[in-house]
Amino acid sequence: METITSVEAMRSRSRELRAAGKTIALVPTMGFLHDGHSELIRRARKACDAVITSVFVNPMQFAPNEDFRKYPRDIERDSARAAEAGCDILFVPDAGAMYPNGYATYIEIEGIARVLEGKFRPTHFRGVATVVAKLFMITHPTIAFFGQKDAQQCVVVKRLVADLNLDVRIEVVPTVREKDGLAMSSRNIYLSPAERSDALVLSRSLRKVEELVRAGERNTERIRKAMLAILTAPASVTVDYAAVVGAETLEPLGELKSGDTALIAIAARVGSTRLIDNTLITIRD
Ligand code: AMP
């Protein structure tokens, strides 16, 4: 596996691959790779001739009060994990390369980027959309892989690609979980053992919703109440939102009806660690 740090070197390497008729997969990450990231890389490996994984903790998507500085980093371990999952090129630019002096261009997405995460992290998706667009321009991927774990990010990136006519296909990979249900996340490392156990209420409440819907529940207020009862049981957990929204519109749903695909999305702080999780439910009756 090669490691490239310069934007120019990455651009010319991608240009070469394209000129040689190769398809390129891009897996954008912020590093501290876990098995969720590895799964994206493995899918990319199967789909394309060349696999690029980017590792960049993007300062633009963190607010000043967030965890940019303490976000976990371990490039040696990332390098080994990425290679093992089948990555060909690890792209590791630094912030100065991505945002040199004088940098002044930002991508704002309205509507879908203003709700859920956007309410609690108002500048987050502008950072995400901007860096993703830049990574696409630099690596010129045929397919880019994103995780369902960040459901709203997937919706936002698809909107970005459609609205700006970007020539890339977006593939969404299902959430990879620990054996006990906790969605894998680089931020799980922040959790104390007691918080790690309390954090299971996120996945547990999603499984509860699936069970309720299977049993015929269609009322989203009752569904939300049932989730909140589980989520708020441990004293360490503060819920930012527990929402039942249209999977594409991200607008709140009333009564669920046949043909609806609902995104059940949760953000909660466990101690001082903010976690998100979600599930998709399609109503077929
Ligand atoms: P991050 O490094 O957290 O920005 O994540 C990089 C990519 O990996 C994003 O597309 C995430 O949605 C995806 N990802 C993170 N955690 C998981 C997971 N547990 N399962 C699947 N994909 C994930």
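Just so it is clear, the values below take in all heavy atoms, side chains as well, and ignore hydrogens, waters and symmetry mates.
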Exercise. So Arg13 and Ile89, side chain to side chain contact (heavy atoms under 4.5 Å, CB included) or not? Walk me through it.
Worked result: CA-CA 9 Å; Arg13 191 75 182 82; Ile89 301 172; 3.8 Å; yes
Exercise. Charged N to carboxylate O below 4.0 Å: is that the case for Asp88 and Arg45?
Worked result: yes
Problem set entry | Residue pair Leu280 / Thr261, side-chain heavy-atom distance below 4.5 Å | yes
For this session: Could you list the residues that satisfy side chain to side chain donor-acceptor pair (under 3.5 Å) with Glu8, not counting sequence neighbours?
Result: none
Exercise. Among the clusters formed by ILVMFWY side chains lying less than 4.5 Å apart, do Leu228 and Val237 turn up in the same one?
Worked result: yes
For this session: Please determine, by modelled atom types, if Ser14 and Thr139 share a side-chain donor-acceptor pair under 3.5 angstrom.
Result: no
For this session: Establish whether Leu253 and Met227 are linked, either directly or via other cluster members, by ILVMFWY side-chain heavy-atom contacts under 4.5 Å.
Result: yes
Exercise. Within a radius of less than 6.0 Å around CG of Asn101, do more than 12 heavy atoms belonging to other residues, nucleotides or ligands occur?
Worked result: no
For this session: Give a yes or no on whether Leu90 and Ile4 share a hydrophobic cluster (residues Ile, Leu, Val, Met, Phe, Trp, Tyr; joining criterion: side-chain heavy atoms under 4.5 Å apart).
Result: no
Exercise. Salt bridge between Lys149 and Asp277, side-chain N to carboxylate O under 4.0 Å?
Worked result: no
Exercise. Counting only heavy atoms not in Glu217, do more than 12 sit closer than 6.0 Å to its CD atom?
Worked result: yes
Problem set entry | Aromatic plane relationship, Phe56 with Tyr99 - under 30° parallel, 30 to 60° tilted, over 60° perpendicular | tilted
Problem set entry | Distance under 6.0 Å and angle within 45° of ring axis: Arg43 vs Phe145 | no
Problem set entry | Lys/Arg-Asp/Glu bridge criterion (N-O < 4.0 Å) met for Glu66, Arg274 | no
Exercise. Near Met1 CE, under 6.0 Å, is it more than 12 heavy atoms from other residues, nucleotides or ligands?
Worked result: yes
Exercise. Is it true that Lys257 and Asp260 make a salt bridge, defined as a side-chain N closer than 4.0 Å to a carboxylate O?
Worked result: yes
Exercise. For Phe62, does its backbone N or O pair with a side-chain atom of Arg121 as donor and acceptor, under 3.5 Å?
Worked result: no
Problem set entry | Cation-aromatic face contact Arg73/Phe68, 6.0 Å, 45 degrees | yes
For this session: Report yes if the side chains of Ile266 and Ser205 come closer than 4.5 Å at any heavy-atom pair, otherwise no.
Result: yes
Seminar exercise, completed: Tightest non-hydrogen contact, residues Pro28 and Leu26, listed as CD-O, 3.6 Å
Problem set entry | More than 12 heavy atoms from other groups under 6.0 Å of CD on Glu16 | yes
Exercise. Could Arg218 and Asp285 be called an ion pair, given the rule that one side-chain N must be under 4.0 Å from one carboxylate O?
Worked result: yes
Problem set entry | Crowding at CD, Glu255 (>12 non-hydrogen neighbours, <6.0 Å) | yes
Exercise. Checking Lys208 side chain against Ile230 main chain: does a donor-acceptor pair fall under 3.5 Å?
Worked result: no
Exercise. How far apart are the C-alpha atoms of Tyr190 and Glu195, what are their side-chain angles, what is the distance that settles it, and do they pass the side-chain hydrogen bond (donor to acceptor under 3.5 Å, both in side chains) test?
Worked result: CA-CA 9 Å; Tyr190 300 147; Glu195 289 168 347; over 6 Å; no
Exercise. Does the pair Val51 and Arg42 meet the rule for a side chain to side chain contact (heavy atoms under 4.5 Å, CB included), with working shown?
Worked result: CA-CA 9 Å; Val51 177; Arg42 287 192 288 266; over 6 Å; no
Problem set entry | Electrostatic pair Arg114-Glu108, nearest N-O below 4.0 angstrom | yes
For this session: Using modelled atom types only, decide if a donor and an acceptor are shared between the side chain of Asp67 and the backbone of Lys70 within a distance under 3.5 Å.
Result: no
For this session: Before accepting this row, confirm whether a basic side-chain N of the pair Glu171/Arg169 lies closer than 4.0 Å to the acidic partner's carboxylate O.
Result: yes
Exercise. Is it true that Asp49 and Arg18 make a salt bridge, defined as a side-chain N closer than 4.0 Å to a carboxylate O?
Worked result: no
Problem set entry | Sole candidate of Val55, Thr53, Thr3 that passes side-chain contact (heavy atoms from CB on, under 4.5 Å) when paired with Asp78 | Val55
For this session: Could you tell me whether Arg214 and Glu211 make a salt bridge, using a distance below 4.0 angstrom between a side-chain N and a carboxylate O?
Result: no
